[in-house]
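Some notes on the structure that comes next.
Lettering of chains follows the sequences in order, A, B, ..., and the numbering in each one begins at 1. The analysis underlying the following values was restricted to heavy atoms, covering all of them including side chains, and did not include hydrogens, waters or symmetry mates.
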Amino acid sequence: MEDTNSLIEQRRTKLAALAAKGINPFMNKVSLKELTGCGEARAKFERGELVESASVAIAGRITAYRDMGKSQFIDLKDVTGRVQVYAQKQALGDEAFALFSHLDLADFIGVKGTMFRTRTGEISIKAESFTVLSKALRPPPDKWDGLADTEVRYRQRYLDLIANDEVKRTFLLRSQIIREIRTFFHERGYVEVETPIMQAIPGGAAAQPFKTHHNALGCDFYMRIALELYLKRLLVGGLDKVFEIGRNFRNEGLSRKHNPEFTMLEAYEAYGDYETMMETVESVVKRIAQNVLGSLVVRHQRRAETEHALKEVRLAFAEATPFFIKSGEPSSAELLPKDRIEAQILATQEAVDLANLSKEEPSAIAMRVHGAIEATLSLLPVDSEKAELPRRRLQSALSTLQPLTVEKVIDLTHWRRARYKDLVCEKAGADWFELTPSERRRRATEDLKLSGDIANGYEDFEVTGAVFEKLVEPTLIQPTFVTHLPKELVPLAKLSPDDPTTVEVFECCINGQEIAPGYSEQNDPVAQRAALEQQAGGEQQKLDEDFLTALEHGMPPAGGIGIGIDRLCMMLLGQETIRDVILFPQLKPR
RNA sequence: GGGUUGGUAGCUCAGCGGUAGAGCAGCGGCCUUUUAAGCCGUUGGUCCAGGGUUCAAAUCCCUGCCGACCCA
C-alpha cells in the first residue's frame with residue numbers, strides 16, 4: 001500500500017512531533033501489576049469494589065474522543081471493554097494537555113486517575129496523568145457503520161475485531177467453547193494427544209488431500225484429512241481414552257459450510273460403543289451451551305427485513321406466474337403435463353400468500369416458500385427463451401429469501417433418535433425400500449427432483465444417500481441422532497446385531513448440518529483390511545499397512561466420535577457462514 | 001462452471017446521461033461533565049481497468065479484473 005495517503009502523512013507528522021518533544025511513541029512496556037482492565041474498572045465500580053475517587057491505572061486504544069476545548073472525553077478500549085476518560089486541562093497541566101493534539105483515534109495510551117461518575121451517570125476515570133504507549137499510523141474503520149467490506153473483514157481481521165464488537169464476541173466465545181470441550185474430556189479421564197499432520201498416507205476419511213514435500217527425506221507428504229488412524233493406534237497402545245483437537249485439510253471446494261482447513265475434535269473410548277458416544281456428544285454439547293451461552297436454547301438472530309423480503313418474493317412470483325398461467329403455450333406444456341404445472345403453481349401461491357397472514361416463525365414460512373419456489377423453478381424448461389424471465393424472477397426471489405431460511409430456534413434439551421431408513425421414508429415414501437433400484441432412481445430424479453444431485457454412475461445406496469443429504473439433513477434443525485445407516489455407506493464400522501444391513505453408526509445432525517458422526521469402531525483387522533482395500537479401489541499404495549499392523553496387535557472395542565468444531569460454533573453462535581467462526585478463513589491470495 | 005449482485009473520498013454509502021455528493025474520519029477555529037457531543041470554516045476523487053455509443057458517460061453497451069450471495 002502506498003503511503004501517499006494524506007491521513008497517514010498527518011499521523012506521521014504527529015509521530016515526529018511527539019519524538020521532537022522527547023516522547024517515545026512506542027513504549028517498551030507498561031507495568032502490568034497495577035493495571036486494571038478498561039471494562040473491568042467499570043464493572044468493579046458498578047459492584048462497589050472500586051469506590052468514588054479510588055485510584056486506577058488503565059491502558060487501551062482510543063476509540064472515540066469528544067473535545068470540549070479545555071477538557072476532553074476519551075473512550076479507551078481493551079479486551080475487557082470500554083471506559084471513558086475525562087481529561088481536564090487544569091488537572092493535567094498545559095504541557096501534558098497539549099499532547100492530545102498529537103494523538104489520534106486508534107492510538108494506545110495509559111492513564112492514571114480516579115474513578116467517578118459524570119453528571120449524566122457514566123462511570124469514568126478522571127485523568128491525573130497519561131502516557132503515550134503506541135501510535136497508530138493508519139486510521140481505523142468507520143466508528144458508526146463499522147467495517148462492512150467482507151473481503152477486508154477476512155483479510156484484515158484485526159480491523160474487523162476493532163470495528164465490530166459482535167465479531168470479537170464470537171471469537172471470544174469460540175475460545176471458551178474449545179476450553180469447555182477440553183475440560184469435559186479431561187474430567188472424563190481422556191488423554192489429550194497430538195498426532196502427525198504431515199502423513200505419508202492420508203487416511204481415515206474419503207477426501208482429496210493437499211500434497212507437500214520434505215526436502216531432506218526426499219519424499220512427498222500429505223496434510224492429514226482426519227485424525228482417526230493415529231488415535232486408533234493409541235488405543236492399541238493402551239491409551240484407552242484419547243482425544244485430539246486439531247486441524248484437518250481437505251483439498252475441495254469452498255462454501256458456506258467448507259473451509260479447506262477446519263478444526264476437528266476426535267475422541268475414542270475403549271470398551272465403549274456408538275451408544276456411549278451418543279451420550280458423550282449430547283453431554284458435551286449441552287455442557288457448552290449451558291456454561292458458555294447460559295442456555296440450552298439457541299436462538300439464531302432474526303433479521304429485521306423479514307417483511308420486506310417476503311414482499312419482494314411475492315412481487316417476483318407475481319411477475320413470474322404469467323408464464324405458468326398461459327401454460328397452454330408449448331414452451332412449458334410440451335415438457336410437462338399441464339395439471340402438474342397448475343398444481344405446483346397453486347401450491348407455491350398458497351405458500352406465498354400464507355406468508356402474508358401467518359403468525360408462524362418467519363423461518364418456517366421462509367423455508368416453505370423457499371421449497372415451493374425451488375420446486376416451481378425446477379419445472380421450467382431449460383432451453384426455452386420464454387422461461388428466461390420467470391426463471392430470473394424466481395431465482396432473485398430465492399436469493400432474497402435465502403437469509404431468512406436460517407432463522408431458527410434450536411432446543412438442545414431434547415435429542416431425538418431416528419433410524420436412517422425411517423427418515424428417508426418420511427421424505428421419499430413409505431415404500432421406498434420395497435422399490436426396485438431402477439424405480440428408486442426414477443422416483444428420486446423425477447418425483448423428488450433430485451436429477452441434479454444424482455450422477456448416472458451412482459450406486460443404488462448412493463441414490464438413497466442423495467435423498468437423505470438433500471431432503472432429510474437440511475430439515476434436521478433440532479438435535480437428532482440418525483442411526484442404523486446402511487453398511488455400504490460407512491464401510492469402517494461394525495454391523496448392527498439387530499439389522500445386519502446397517503452399521504452401528506450415528507450422525508448427529510443439528511442446524512440442518514451434520515455436526516458429529518460416531519461409530520462402534522471396527523477392530524477386526526481382517527474386516528478392516530477388506531474395507532480399506534475396497535476404499536482404496538485397488539491402489540495398494542493408499543493402504544496404510546502400518547495401521548493394519550497395529551490392529552493386528554489387538555485394539556479394544558471402542559466407540560469413536562468426530563465433532564466439527566467450526567460447524568458446532570456456527571450452530572451455537574448463530575453464524576451462517578463458516579468464515580465467520582474462523583479468524584482467518586482461506587481466501588484467494590491477493 | 002451457471003445465475004443474481006456489487007466495485008464512487010481513509011470508512012459507510014447516495015448519485016444511474018448534463019459542474020463529483022453526504023455523514024463519519026482529517027485539518028483550522030469556539031466550547032471545562034460530553035457520549036453518534038454541538039456550532040462555524042475547510043482539505044480530500046484514475047467514480048475497478050480497457051474499449052465502444054453519444055454533442056456529453058460514474059451513469060448506457062461490450063470485454064476483463066476483484067468480491068459477495070445462491071445454485072452446481
Side-chain angles (χ1 to χ4, degrees), chain A residues 1-14 62-76 82-92 94 97 100-106 116-127 136-156 159-160 162-164 253-257 309 312 316 370 373-374 377-378 380 382 387-406 449-455 466 470 576-577 579-580 585 587-590:
Chain A
M1 225 175 276
E2 288 190 44
D3 283 352
T4 51
N5 185 290
S6 70
L7 291 177
I8 294 176
E9 276 311 306
Q10 282 166 357
R11 282 170 180 254
R12 284 188 186 280
T13 306
K14 290 178 181 178
I62 300 175
T63 55
Y65 68 81
R66 294 170 285 283
D67 184 353
M68 305 279 299
K70 292 191 176 64
S71 71
Q72 295 210 38
F73 293 91
I74 299 156
D75 286 351
L76 279 196
R82 180 196 73 92
V83 72
Q84 175 172 275
V85 171
Y86 179 50
Q88 275 182 311
K89 190 172 189 176
Q90 203 177 20
L92 289 165
D94 290 359
F97 194 77
F100 281 123
S101 65
H102 303 311
L103 293 179
D104 289 295
L105 287 181
F116 80 111
R117 211 183 265 273
T118 64
R119 192 185 288 164
T120 49
E122 170 135 1
I123 296 166
S124 309
I125 292 166
K126 190 175 285 181
L137 292 179
R138 290 177 187 270
D142 189 272
K143 74 172 175 183
W144 293 350
D145 300 303
L147 183 65
D149 185 319
T150 329
E151 201 185 350
V152 176
R153 283 187 48 225
Y154 297 146
R155 286 191 197 279
Q156 296 177 274
L159 293 179
D160 194 24
I162 290 169
N164 301 319
L254 285 71
S255 82
R256 200 169 64 77
K257 298 178 190 175
E312 294 284 312
H370 195 272
I373 292 181
E374 262 186 339
L377 206 47
S378 71
L380 288 170
V382 180
E388 200 45 39
L389 186 67
R391 179 188 302 281
R392 278 198 204 163
R393 297 276 182 233
L394 291 178
Q395 270 168 349
S396 87
L398 270 192
S399 50
T400 310
L401 208 48
Q402 200 61 39
L404 301 178
T405 58
V406 299
K449 306 183 190 71
L450 292 173
S451 49
D453 305 301
I454 295 171
K470 293 293 169 183
E576 295 159 33
T577 308
R579 287 175 166 184
D580 286 332
L587 302 174
K588 203 188 218 179
R590 286 248 84 152

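Nearest to the side chain of A:Pro139, among B:C70, B:G10, B:U32, sits B:G10. For A:Phe73, the listed nucleotide lying nearest its side chain is B:U33; candidates were B:A25, B:U32, B:U33. Here B:U12 is the nucleotide among B:G67, B:U12, B:A72 with the atom lying nearest to any side-chain atom of A:Leu147. Of all nucleotides listed (B:U12, B:U33, B:A68), B:U12 comes nearest to the side chain of A:Asp142. Side-chain atoms of A:Thr577 lie closest to B:C69 of the nucleotides B:C69, B:U12, B:A68.
Between A:Leu254 atom CG and B:G67 atom P there is a gap of 12 Å when expressed in whole angstrom units. Distance, A:Asp67 CG to B:G28 P: 11 Å, rounded to whole Å. The distance from atom CD1 of A:Ile62 to atom P of B:A25 is 14 Å, rounded to the nearest whole Å. Atom C1' of nucleotide B:A25 and atom CD1 of A:Ile8 are separated by 13 Å, given to the nearest angstrom. Summarising the geometry, the separation between CG on A:Leu159 and P on B:A25 is reported as 18 Å, rounded to the nearest angstrom. One atom, CZ of A:Arg66, and another, P of B:C24, lie 15 Å apart when rounded to the nearest Å. The distance from atom OH of A:Tyr154 to atom C1' of B:A68 is 9 Å, rounded to the nearest whole Å. Between the CD atom of A:Gln72 and the P atom of B:G38 there is a distance of 15 Å, rounded to whole Å.
Residue contacts shown for A:Arg117 are absent, as no nucleic acid heavy atom lies under 4.0 Å away. No engagement by A:Lys89 is indicated, since no non-hydrogen atom pair under 4.0 Å with the nucleic acid exists. Nucleic acid contact for A:Glu151: sugar-phosphate only, since backbone atoms but no base atoms lie under 4.0 Å from a heavy atom of the residue. Within the nucleic acid shown, A:Gln90 comes within 4.0 Å of at least one base atom, counting heavy atoms only. Residue A:Asp75 is classed as having no contact, given no heavy-atom separation below 4.0 Å to the nucleic acid. No engagement by A:Phe97 is indicated, since no non-hydrogen atom pair under 4.0 Å with the nucleic acid exists.
Rounded to the nearest Å, the gap between the C1' atom of B:G28 and that of B:U43 is 10 Å. Annotation: B:U4 and B:C60 have their P atoms spaced 16 Å apart (nearest Å). Separation of the P atoms belonging to B:A14 and B:U5 is 15 Å when rounded to the nearest angstrom. Annotation: B:U54 and B:C11 have their C1' atoms spaced 35 Å apart (nearest Å). Rounded to a whole angstrom, the distance from the P atom of B:A49 to that of B:G10 is 14 Å. Separation of the P atoms belonging to B:G45 and B:G3 is 38 Å when rounded to the nearest angstrom. The P atoms of B:C48 and B:U12 are separated by 15 Å, rounded to the nearest whole Å. Rounded to whole Å, the P atom of B:G51 lies 13 Å from the corresponding atom of B:A57.
Side-chain nitrogen and oxygen atoms of A:Arg138 include none within less than 4.0 Å of the OP1 or OP2 phosphate oxygen of B:G10. Between A:Lys70 and B:C30 there is no side-chain polar atom (N or O) within less than 4.0 angstrom of OP1 or OP2. Between A:Arg11 and B:G10 there is no side-chain N or O to OP1 or OP2 distance below 4.0 Å. Note on A:Arg579: a side-chain N or O is less than 4.0 Å away from OP1 or OP2 of B:A68.
Considering all non-hydrogen atoms of both residues, A:Pro139 and A:Ile8 come closest at CD-CG1, 4.5 Å. A:Leu147 and A:Arg153 get closest at one heavy-atom pair: O-CD, 3.4 Å.
Cation-pi geometry between A:Lys126 and A:Tyr86 is not met: the NZ or CZ atom fails to fall both under 6.0 Å from the ring centre and inside 45° of the normal.
Rounding to the nearest 0.5 Å places CZ of A:Arg579 at 6.0 Å from CG of A:Leu254.
Base pairing annotation: B:A14 forms no Watson-Crick or G-U wobble pair, as no partner gives both donor-acceptor distances under 3.5 Å. Pair check for B:U59 finds none; no Watson-Crick or G-U wobble contact set falls under 3.5 Å. Look at B:A68: its Watson-Crick or wobble partner, with both distances under 3.5 angstrom, is B:U4. Using Watson-Crick or G-U wobble geometry with both donor-acceptor distances under 3.5 Å, B:C30 finds its partner in B:G38.
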Check the pair A:Glu122 / A:Arg82 against salt bridge (Lys or Arg N to Asp or Glu O under 4.0 Å), numbers first and verdict last. CA-CA 11 Å; A:Glu122 170 135 1; A:Arg82 180 196 73 92; 2.7 Å; yes
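No side-chain heavy atom of A:Leu76 sits under 4.5 Å from any side-chain heavy atom of A:Thr63.
In this structure, A:Thr118 and A:Lys588 both approach RNA chain B, and ranking their closest nucleotides by distance from the 5' end singles out A:Thr118. Between A:Glu122 and A:Lys470, the residue anchored nearer the 5' end of RNA chain B, judged by the nucleotide with its closest heavy atom, is A:Glu122.
At a cut-off of 3.5 angstrom, counting only N and O atoms as typed in the model, there is no donor on one side facing an acceptor on the other between the side-chain of A:Asp149 and the base of B:G67.
Side-chain contact check for A:Tyr65 and A:Asp104: no donor-acceptor pair (N or O, by modelled atom type) lies under 3.5 Å.
When atom types are taken as modelled, the side chain of A:Arg256 and the backbone of A:Glu576 share a donor-acceptor pair closer than 3.5 angstrom.
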